[in-house]
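Structure, as C-alpha cells:
Per chain, numbering begins at 1; letters A, B, ... match sequence-line order.
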Protein chains: 2
Amino acid sequence: MLDDLSLQANGVPIYVQLREQILGLVGRGVLKPGAQVPTMRQVAVALKIDLNTVQRAYAELERDGVLSKQRGVGTFVTDRTPPQRNTRRAVQDFAFQVAAQAKGQGIALDDLAEALVKLAGRGA
Amino acid sequence: MLDDLSLQANGVPIYVQLREQILGLVGRGVLKPGAQVPTMRQVAVALKIDLNTVQRAYAELERDGVLSKQRGVGTFVTDRTPPQRNTRRAVQDFAFQVAAQAKGQGIALDDLAEALVKLAGRGA
DNA sequence: CCTAGTGTATGGTAAAACTCATACACGCGC
DNA sequence: GCGCGTGTATGAGTTTTACCATACACTAGG
C-alpha cells in the first residue's frame, strides 16, 4: 500500500500530492471503506517527509469526510464511499494533458500508449 | 477562450493550475497549432492574478515545447512538433512519469492508454 | 499499572511561492 | 520616428510550505 505512494517535484505541494493520491486510492477501492490507512508516521518515514506534512494531508481528508482518525488507534477510510474519481471524464482530461505534453516532447501517442500498456501489465 | 480558465483555492499553486489548464486546452484541440494564446496581461487581468505568475506558467510551457513566445507580438501554440524522438529510452522515461502521475490520480493505465490511442486516431 | 503505538500540538527555521510595483526590450503599424 | 501592445526583467515584501524537534493525550494490550 505504501508502495502506491510516490512524490514528484513538479511544483505541487507535497501535502496536496499525498492528499490527491490517497483520494485516488480510496476512489479506486485499493483502500476500502473501514480499512486502516497507513500510520502518519509510517507514511512520513516511507516517503521521507515530515510528520506535520502528513498530518496536514490527513486533516484535509478528514475534513472532506474521506478519512476518520482515532487517537491512539489509527486512521481509517470512512464507511460512506465518496464519489468515484476514476470517471471517464477524469481519464479524458488527464489524457488530453498527457497528449499535449507528449507533443511538446515529440513523442507519438501510439508509442506512449504501448509503453503504458506494458507498464500496466507489470502491475505498475 | 479566457472563459475556459478558472482557478481554485485548493493548495495547488496558481501557475501550476494555469499551466495544466492550458496544457489541457492544447491537447484537447481548443487551441490549435499556430493559434495565438491569450496575452499574459489578458490572462492576468481576467483571472485577477499577477503578470509574473502568468509569465511563469507560460515559461514552463515554452520550456516543454508547447508554446512559442514572440516578443512584441504574442504567444502561440507550437507549430511543428519537434523532430520525433521516439527513442525507446525517451518514451520509457516519459511513460514512467505519466504512470506515476496517473497513479496519483487513481487513473488506471489501461484506461489511459485506451484514451490516448483514440486521441492519436483523431490526429490530436 | 505500564508500555508501546497511535494521533495532536507548538515553536522555531528555511525555502519557495505569490504578489506588487516598476521598469526595460522588442515588433508592428501609423 | 513614434506610439502602442507585446514579452522580459528585477527587487522588495508577504504568505505559504516544509522541515525539525519536542512534547502531550489517548487507546489497547500485556
Rounded off to whole Å, could you give me the CD1-to-P distance for the B/I14 and C/dA16 pair?
19 Å

Residue-phosphate contact under 4.0 Å: B/T53 side-chain N/O, C/dT19 OP1/OP2
yes

In whole Å, I'd like the distance from the CG atom of A/L51 to the C1' atom of D/dA18.
12 Å

Nearest-angstrom distance from the residue atom CD of B/E60 to P of D/dT8
14 Å

Listed nucleotide nearest any side-chain atom of B/T75, set C/dG7, D/dA18, D/dG7:
D/dG7

Scan A/I49 against the nucleic acid and name what it touches under 4.0 Å (heavy atoms): base, sugar-phosphate only, or nothing.
sugar-phosphate

Note: A/L18 and A/A57 closest approach over all heavy atoms is CD2-CB, 3.9 Å

Separation of C/dG27 atom P from B/F76 atom CZ, nearest Å, is 13 Å

Can you tell if the side chain of A/K69 reaches within under 4.5 Å of the side chain of A/Q55, non-hydrogen atoms only?
yes

Does A/Q55 make a side-chain N or O approach to OP1 or OP2 of C/dT8 shorter than 4.0 Å?
yes

Between atom CG in A/L67 and atom P in C/dG7, what is the gap in whole Å?
11 Å

On the side chain of B/R41, is there an atom forming a donor-acceptor pair with the base of D/dG7 - under 3.5 Å, no angle test?
yes

In whole angstrom, give the distance that lies between atom CD of B/Q36 and atom P of D/dG5.
14 Å

Would you indicate whether the side-chain heavy atoms of A/I49 and A/Y15 approach each other to under 4.5 Å?
no

Residue closer to the 5' end of DNA chain C, A/T39 versus B/V73 (nearest nucleotide)
A/T39

Report the distance from atom CG of A/D50 to atom C1' of D/dC19, rounded to the nearest whole Å.
5 Å

Looking at A/N52 and C/dT10, is any side-chain donor or acceptor paired with a base atom of the opposite kind under 3.5 Å?
yes

Under-4.0 Å side-chain N/O to phosphate OP1/OP2 contact, A/K69 with C/dT8:
yes

When we call it a touch if two heavy atoms are under 4.0 Å apart, what does A/Y15 touch: a base, just sugar-phosphate, or nothing?
sugar-phosphate

Think B/R56 has a side-chain N or O under 4.0 angstrom from the OP1 or OP2 of C/dA17?
yes

Nearest heavy-atom pair of A/L116 and B/L116: which atoms, and what distance?
CD1-CD1, 3.8 Å

Interatomic distance, B/M40 CE vs C/dC18 C1' [rounded to whole Å]
16 Å

So A/L112 and A/V98, do their side chains get closer than 4.5 Å, heavy atoms only?
yes

